Amino acid sequence: MKASTVILFVALTASAAMCFGCISNADGEKGTLSGNVTVGPLTPVERVDATPILPAPEVFTSRHLIVYEADGMAKVADVGIVPAGYYGTYSVSLAPGTYVLDYVHQGIGRASPLPMKVTIEAGKTTIVDVDFDTGIR
């Protein structure tokens, strides 16, 4: 009876070690949250037929996105916006899970569709485009 207990123990230990290795590898793979960012209007009056104004890089670099845990309380990442001509871009690598994407609230204006819950899957990219409304009218 003792020999069967030892064999069972060894078998369970080996199974657990193999499963633990699988879980560790799966947890190590991250996903990506990224998107394009627009900011506007940049002047009090923008005519529909006018050539758009090329934003200064500071229009984007002065704004930040924040990734929080699913509860919306614990900050996971402060994400900068990279200027790319008429729009900006952002990208952050995150562990699989559910998060809240928001922005640093400063001055007037707002960002839509923020705040919003996002789900990150391992090896996949979740895209959320953000539009900052400056409040200039």
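In what follows, every heavy atom counts, from backbone to side chain, and hydrogens, waters and symmetry copies are set aside. Keep in mind that this is a model prediction, so the values were computed, not measured.
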Supply the atom-to-atom distance [X] [atom1] to [Y] [atom2], rounded to the nearest 0.5 angstrom.
X: Tyr99; Y: Asp71; atom1: OH; atom2: CG; value: 12.0 Å
X: Leu65; Y: Phe132; atom1: CG; atom2: CZ; value: 5.0 Å
X: Asp131; Y: Asn36; atom1: CG; atom2: CG; value: 11.5 Å
X: Ile81; Y: Thr38; atom1: CD1; atom2: OG1; value: 10.0 Å

Could you tell me whether the side chain of Val100 reaches within less than 4.5 Å of the side chain of Lys117, counting heavy atoms only?
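In short, these two side chains touch, coming nearer than 4.5 Å.
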Give a yes or no on this: more than 12 heavy atoms of other residues, nucleotides or ligands lie within 6.0 Å of atom OH of Tyr87.
no
So, for [X] and [Y], which heavy atoms are closest and what is the spacing to 0.1 Å?
X: Arg110; Y: Tyr103; answer: CA-OH, 3.3 Å
X: His64; Y: Thr61; answer: NE2-O, 3.8 Å
X: Thr89; Y: Ala84; answer: CG2-CB, 4.3 Å
X: Val130; Y: Pro113; answer: CA-CD, 4.5 Å
X: Ile120; Y: Gly31; answer: CG2-CA, 3.6 Å
X: Gly123; Y: Glu29; answer: CA-OE2, 3.4 Å

List the steps and the verdict of side-chain contact (heavy atoms from CB on, under 4.5 Å) for Arg63 and Val37.
CA-CA 10 Å; Arg63 291 168 168 79; Val37 177; 5.9 Å; no
Does the side-chain contact (heavy atoms from CB on, under 4.5 Å) test come out yes or no for Val128 and Leu33, once each step is laid out?
CA-CA 7 Å; Val128 176; Leu33 174 62; 4.0 Å; yes
Using the rule side chain to side chain contact (heavy atoms under 4.5 Å, CB included), only one of Ile66, Val67, Val79, Val92 pairs with Leu101; which is it?
Val67
Donor-acceptor pair, Thr134 side chain versus Gly109 backbone, under 3.5 Å?
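No, the answer is negative, given that no donor and acceptor are paired below the 3.5 Å cut-off.
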Might you work through the side-chain contact (heavy atoms from CB on, under 4.5 Å) test for Ser34 and Thr125, ending with a clear yes or no?
CA-CA 7 Å; Ser34 66; Thr125 299; 3.5 Å; yes
List the steps, then state whether side-chain contact (heavy atoms from CB on, under 4.5 Å) holds for Glu69 with Val76.
CA-CA 6 Å; Glu69 291 287 345; Val76 175; 3.5 Å; yes
